[in-house]
Amino acid sequence: MSQEQVAAKSGSPGAAGASSDAEEDPTEDKPMSFWEHLDELRKRLVRSILVFFAACIVGWEVREKLLHFLTVPFVQAWREQSLPGNPSLHFGAPAAAFVAYFKLSMIGGAALASPFIFYQLWAFVAPGLYAREKRYVIPFVLFSTLLFVGGGLFGWRAAFPISFGYFLSMAGTVGGDGITITPTVMMGDYLDFVAQLLLGFGIIFEIPLIVLFLSLAGVINYLQLIMFGRWFVFAAFILAAILTPPDITSQLVMAVPMCLLYVVSIGLAYVFGKAPTDAQRAAYKKRKEKEVTQG
């Protein structure tokens with residue numbers, strides 16, 4: 001009888017440890033080649049695109065309700081600025097309204113198909129994960145969807161009124177000659193602007209989940225996040241300046257939540273992520289001592 005059989009029958013710790021290691025080994029199955037990875041990626045992309053287009057059809061059927069929902073902050077800002085006439089959107093070419101509604105259906109389709117798309121993303125990276133990490137598929141899909149849609153809703157509720165109020169405040173009478181600046185908002189431009197902000201807020205609200213995933217995989221830890229904090233704040237304000245209107249209030253509405261989400265991410269990495277190595281702890285301690293000395 002071999003040593004492995006004796007160990008297995010005796011239930012020795014070595015056998016149990018070997019069995020546990022085998023269960024946790026991400027390379028237990030046959031490794032996929034480069035072309036197999038590409039084929040898997042192609043299948044996931046095709047499935048996501050098909051579901052996305054099916055969701056766009058649903059979005060097209062409810063396009064008027066979606067447009068009404070997305071124009072609520074615009075209508076409120078128009079009336080708060082006491083602009084003449086009723087708030088309205090315009091289109092300058094015969095097919096422009098159709099194109100705008102098609103963009104709107106894509107916005108609704110992205111929100112509707114996001115659970116399936118996030119699942120396909122997880123399914124693509126899952127072969128490289130440990131068995132215990134693969135069990136997070138349902139929480140990942142659930143929270144990634146909630147954060148993405150919740151980020152868009154936050155932008156609609158918080159950033160849109162501020163942005164539209166700022167832009168529409170530029171309308172009115174200029175000088176003593178009674179020159180009037182009247183807003184003529186084009187439907188396509190409006191939806192492009194709305195889609196940009198919705199996508200931006202949806203992505204930044206995924207920060208805690210992305211950081212948690214990377215910390216569970218051991219790619220990063222909370223000490224590295226703390227040391228990168230000042231650079232993240234700088235990057236957050238740069239990104240907010242790109243994605244939002246030029247006024248400081250709109251930029252703060254995006255940058256401040258990004259920074260708060262980063263703090264939440266540090267807490268998640270501390271609780272659930274892998275602990276830093278002794279070398280990383282020493283480097284962090286040395287850096288803090290240097291900052292105190294220079295301060």
Side-chain angles (χ1 to χ4, degrees), residues 20-59 105-155 195 198-222 224-225 228 232 239 257-258 260-275:
S20 176
D21 292 341
E23 292 178 357
E24 296 296 334
D25 187 3
T27 60
E28 184 181 9
D29 299 329
K30 182 181 178 181
M32 297 173 64
S33 67
F34 174 77
W35 297 110
E36 288 175 332
H37 277 291
L38 286 182
D39 184 62
E40 181 70 13
L41 177 62
R42 179 189 61 81
K43 290 190 295 185
R44 299 298 175 186
L45 286 176
V46 169
R47 293 173 185 175
S48 299
I49 292 173
L50 290 176
V51 172
F52 171 70
F53 278 122
C56 288
I57 295 175
V58 178
S105 67
M106 294 180 66
I107 296 174
L112 187 61
S114 57
F116 184 83
I117 294 174
F118 285 125
Y119 173 76
Q120 293 301 314
L121 174 62
W122 178 270
F124 176 71
V125 302
L129 302 177
Y130 291 105
R132 66 176 183 273
E133 295 168 344
K134 294 180 181 179
R135 296 195 296 264
Y136 298 139
V137 55
I138 294 178
F140 173 82
V141 174
L142 176 62
F143 285 107
S144 58
T145 302
L146 291 177
L147 288 171
F148 183 75
V149 177
L153 289 175
F154 175 84
L198 288 177
L199 182 62
F201 276 99
I203 291 175
I204 66 172
F205 268 65
E206 296 287 343
I207 291 175
L209 192 65
I210 295 173
V211 170
L212 177 60
F213 179 80
L214 293 176
S215 62
L216 287 172
V219 178
I220 58 177
N221 56 62
Y222 72 92
Q224 293 172 323
L225 293 172
F228 185 71
F232 181 86
L239 182 62
M258 286 180 65
L260 294 177
L261 289 169
Y262 189 78
V263 174
V264 173
S265 302
I266 295 175
L268 292 174
Y270 176 80
V271 175
F272 300 103
K274 293 185 178 180

Interatomic distance, [X] atom [atom1] to [Y] atom [atom2] [nearest 0.5 angstrom]:
X: I210; Y: S215; atom1: CD1; atom2: OG; value: 12.0 Å
X: N221; Y: I266; atom1: CG; atom2: CD1; value: 11.0 Å
X: R44; Y: I49; atom1: CZ; atom2: CD1; value: 14.0 Å
X: S48; Y: F118; atom1: OG; atom2: CZ; value: 10.5 Å

Kindly give the heavy-atom pair with the smallest separation between [X] and [Y], and that separation in Å.
X: S114; Y: V149; result: OG-CG2, 4.3 Å
X: Q224; Y: V219; result: OE1-O, 3.8 Å
X: Y262; Y: L225; result: OH-O, 2.6 Å
X: L239; Y: I204; result: CD2-CG2, 4.3 Å
X: A55; Y: A113; result: CB-CB, 3.9 Å
X: G155; Y: F201; result: CA-CD1, 3.7 Å

message = Going by side-chain contact (heavy atoms from CB on, under 4.5 Å), F116 matches just one of L50, V141, V51. Which one?
response =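 Considering L50, V141, V51, a side-chain contact (heavy atoms from CB on, under 4.5 Å) with F116 is found only for V51.
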[Y] and [X], any side-chain heavy atoms less than 4.5 Å apart:
X: Q120; Y: I117; answer: no
X: I220; Y: V211; answer: yes
X: K43; Y: F124; answer: no
X: L209; Y: F213; answer: no

message = Can you tell me if F143 has over 12 outside heavy atoms packed within less than 6.0 Å of its CZ?
response =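 It does not: F143 CZ has 12 such atoms or fewer within range.
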ask   = Does a sphere of radius 6.0 Å around CZ in F232 hold more than 12 heavy atoms from other residues, nucleotides or ligands, not counting ones at 6.0 Å or beyond?
value =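 Check passes, neighbour count above 12.
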task = I would like to know whether L121 and F140 meet side-chain contact (heavy atoms from CB on, under 4.5 Å); could you show each step before the answer?
result = CA-CA 10 Å; L121 174 62; F140 173 82; 4.3 Å; yes
inquiry  = F148 vs L199, test: side-chain contact (heavy atoms from CB on, under 4.5 Å). Steps then yes/no.
reply    = CA-CA 8 Å; F148 183 75; L199 182 62; 4.3 Å; yes
inquiry  = One pair to check against side-chain contact (heavy atoms from CB on, under 4.5 Å): I57 and F53. What are the steps and the verdict?
reply    = CA-CA 6 Å; I57 295 175; F53 278 122; 5.9 Å; no
